[in-house]
Amino acid sequence: RESSAGNRMLDAVRMETRSAGIHAVFSPVMDVNNNPDNPIICTRAFGDEPGVVEWFGSRYIKKLQKSRATRDRLDLFACAKHFPGHGDTDQDSHSVLPVIRADKQRLNRIELPPFREAVKSGVGMVMAAHLLVPALDPDKPTTFSKKIITALLREGMAFDGLIVSDALDMGALAGAYSPEEIAVRAVEAGIDILLHPRDARVTIEAVVSAVEQGRLTHARIRESVERVLSAKKRLGLFDEKRPEAAPINYEKHRRIAEE
């Protein structure tokens, strides 16, 4: 019964979201909530065991990204977050840069399996967390780390979708780096989409300047542009004829919410 109710809820979310013109949702949370003192993940997580998080997260992804009947088009992209796992910390990355002190063996047993399952489930986007994970990169926050973003996620997990940063105005980074440096370092690491910078124009100009100065290559920018265009194609945004949004039974959706 609970599985059926969850499926109906996700159908309602997908229908209402797409009808509003939204094409990506920053869900599901794939963090394992294994620290009771965590101030920010808490009830946003599916649970404190990797298997539980994998099970629910996989179903969220597949339901939200349900294919249309024709031409392999999706209504929505789901987003698995917060890679490589924001569960085992007692700090909030909105304010400071949390440190995940687990060793590689523990990360591979607890934090990383839900994200591997998300990739296997075909998730369209992965959000990188603002964390310091010394076992994966002792020097750089995840958002700036090519070892974590490119070597581990893009290459190691064979993820070919979009990698998006967490909000760039969060205290974890904004308290220590300029907006320009945050933007360029994130792109250097392999981030495709820079989410919620303090000033979008400053961010764009910083990336353009980094290309002009040779710090970022045209090829690196082209990689992300092609991924964004590919994502838009999968969502049917370039199709001449797009299916009309189905009429929404809001009363039915209210009853689902009350369940």
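Only heavy atoms go into these numbers, but all of them, side chains included; no hydrogens, no water, no symmetry mates.
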Student: Which pair of heavy atoms, one from Q91 and one from P98, lies closest together, and at what distance?
Tutor: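 Closest approach of Q91 to P98, heavy atoms only: OE1-CA, 3.4 Å.
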
Student: Going from CG on D48 to CD1 on I110, what distance comes out if it is rounded to the nearest 0.5 angstrom?
Tutor: 9.5 Å

Student: Evaluate the side-chain proximity of R73 to R234: yes if any heavy-atom separation is below 4.5 Å, no if none is.
Tutor: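 R234 vs R73: side chains apart.
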
Student: Can the ring centroids of F159 and F115 be said to lie less than 6.0 angstrom from one another?
Tutor: no

Student: What is the distance from atom CD1 of I191 to atom CZ of F144, rounded to the nearest 0.5 Å?
Tutor: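 If we round to the nearest 0.5 Å, I191:CD1 and F144:CZ are 9.5 Å apart.
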
Student: Heavy atoms only: give me the nearest L136-P84 pair and the separation to one decimal.
Tutor: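 In this case the closest contact between L136 and P84 is CD1-CG, 4.1 Å.
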
Student: At their closest point, which heavy atom of G87 faces which heavy atom of N35, and how far apart are they?
Tutor: O-CB, 3.4 Å

Student: Answer whether the closest heavy-atom distance between the side chains of M157 and L112 falls below 4.5 Å.
Tutor: yes

Student: Please state whether the rings of F46 and F56 are parallel, tilted or perpendicular, taking 30° and 60° as the class boundaries.
Tutor: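 It falls in the parallel class, under 30°.
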
Student: Is there a path of hydrophobic side-chain contacts, each under 4.5 Å between heavy atoms of I, L, V, M, F, W or Y residues, that connects L162 with L153?
Tutor: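 Looking at the clustering, L153 is in a separate group from L162.
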
Student: For A206, does its backbone N or O pair with a side-chain atom of E180 as donor and acceptor, under 3.5 Å?
Tutor: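 A pair under 3.5 Å: no.
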
Student: Less than 4.5 Å apart, any side-chain heavy atom of V32 and any of P114?
Tutor: yes

Student: Roughly how far, to the nearest 0.5 Å, is the CD1 atom of I100 from the NE2 atom of H86?
Tutor: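 One gets 7.0 Å once the value is rounded to the nearest 0.5 Å.
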
Student: Is it the case that one hydrophobic cluster holds both L76 and I256, taking links as side-chain heavy atoms less than 4.5 Å apart, direct or via other members?
Tutor: yes

Student: Thinking salt bridges, do E188 and R185 make one under a 4.0 Å N-O criterion?
Tutor: no

Student: Kindly indicate whether the side chain of D72, heavy atoms from C-beta on, has any atom under 4.5 Å from the side chain of S67.
Tutor: yes

Student: How about NZ on K146, more than 12 heavy atoms from neighbouring residues, nucleotides or ligands closer than 6.0 Å, or not?
Tutor: no

Student: So, do K66 and D75 sit near enough that their side-chain heavy atoms are less than 4.5 Å apart?
Tutor: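 No - every pair of side-chain heavy atoms lies 4.5 Å or more apart.
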
Student: Can you name the closest pair of heavy atoms from D192 and S224 and give their distance?
Tutor: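 Minimum heavy-atom contact is OD1-OG, 2.6 Å.
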
Student: Quick check: closest heavy atoms across V53 and G47, and the distance to 0.1 Å?
Tutor: CG2-O, 3.7 Å

Student: Hey, is CZ on R101 packed in by over 12 heavy atoms from elsewhere, all under 6.0 Å?
Tutor: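 No, CZ of R101 has 12 or fewer neighbouring heavy atoms, counting only those of other groups under 6.0 Å.
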
Student: For S145, run the side-chain contact (heavy atoms from CB on, under 4.5 Å) check against L131, L152, D139, D137 and tell me which one passes.
Tutor: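 Among L131, L152, D139, D137, the one that satisfies the side-chain contact (heavy atoms from CB on, under 4.5 Å) with S145 is D137.
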
Student: Could you walk me through whether I148 and K140 pass the side-chain contact (heavy atoms from CB on, under 4.5 Å) check?
Tutor: CA-CA 9 Å; I148 299 174; K140 297 179 180 179; over 6 Å; no

Student: How many angstroms lie between OG1 in T150 and CD in E223, if you round to the nearest 0.5 Å?
Tutor: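 Result: 8.0 Å between the selected atoms.
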
Student: If you define the side chain from C-beta out and look only at heavy atoms, does anything of F26 sit under 4.5 Å from M125?
Tutor: yes

Student: Are more than 12 heavy atoms, taken from residues, nucleotides or ligands other than Q105, located less than 6.0 Å from that residue's CD atom?
Tutor: no

Student: Is the closest basic N to carboxylate O distance between D11 and R8 below 4.0 Å?
Tutor: no

Student: For the hydrophobic clusters of this structure (ILVMFWY residues joined by side-chain heavy atoms under 4.5 Å, transitively), does one cluster hold both M9 and V52?
Tutor: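 Yes, same cluster.
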
Student: Quick one: does E259's side chain have a donor or acceptor within less than 3.5 Å of a partner on A5's backbone?
Tutor: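 Between the backbone of A5 and the side chain of E259 there is no qualifying donor-acceptor contact (under 3.5 Å).
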
Student: Side-chain contact, heavy-atom cut-off 4.5 Å: V164 with K81?
Tutor: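 No. Closest side-chain heavy atoms not under 4.5 Å.
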
Student: According to a hydrophobic-cluster definition based on side-chain heavy atoms being under 4.5 Å apart (Ile, Leu, Val, Met, Phe, Trp, Tyr only), do V126 and L107 belong together?
Tutor: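 Yes, one cluster joins them.
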
Student: Check M15 against I248 and note the closest heavy-atom contact, atom names and distance.
Tutor: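 Result for this residue pair: O-CD1, 4.0 Å.
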
Student: When you measure from the side chain of T203 to the backbone N and O of D199, does any donor-acceptor pair fall under 3.5 Å?
Tutor: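 Such a contact is found between T203 side chain and D199 backbone.
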
Student: Pair E258, R255 - check salt bridge (Lys or Arg N to Asp or Glu O under 4.0 Å), show working.
Tutor: CA-CA 5 Å; E258 289 169 358; R255 290 196 299 270; over 6 Å; no

Student: To the nearest 0.5 Å, tell me how far E54 CD sits from E49 CD.
Tutor: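 Rounded to the nearest 0.5 Å, the CD-CD separation comes to 11.0 Å.
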
Student: Any chance you could measure H82, atom NE2, to M127, atom CE, to the nearest 0.5 Å?
Tutor: 6.0 Å

Student: Step by step, work out the side-chain contact (heavy atoms from CB on, under 4.5 Å) result for L168 and H130.
Tutor: CA-CA 9 Å; L168 296 183; H130 302 319; 4.1 Å; yes

Student: Step by step, would you call Y250 with E16 a side-chain contact (heavy atoms from CB on, under 4.5 Å)?
Tutor: CA-CA 9 Å; Y250 289 104; E16 292 198 21; 3.8 Å; yes

Student: When you group the ILVMFWY residues by side-chain heavy-atom contacts below 4.5 Å and let the links chain together, are L74 and L237 in the same group?
Tutor: yes

Student: Taking it one step at a time, do D88 and N38 satisfy side-chain contact (heavy atoms from CB on, under 4.5 Å)?
Tutor: CA-CA 7 Å; D88 190 13; N38 194 311; over 6 Å; no

Student: Decide yes or no for N34 and R106: does some side-chain heavy atom of the first lie under 4.5 Å from some side-chain heavy atom of the second?
Tutor: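 N34 vs R106: side chains touch.
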
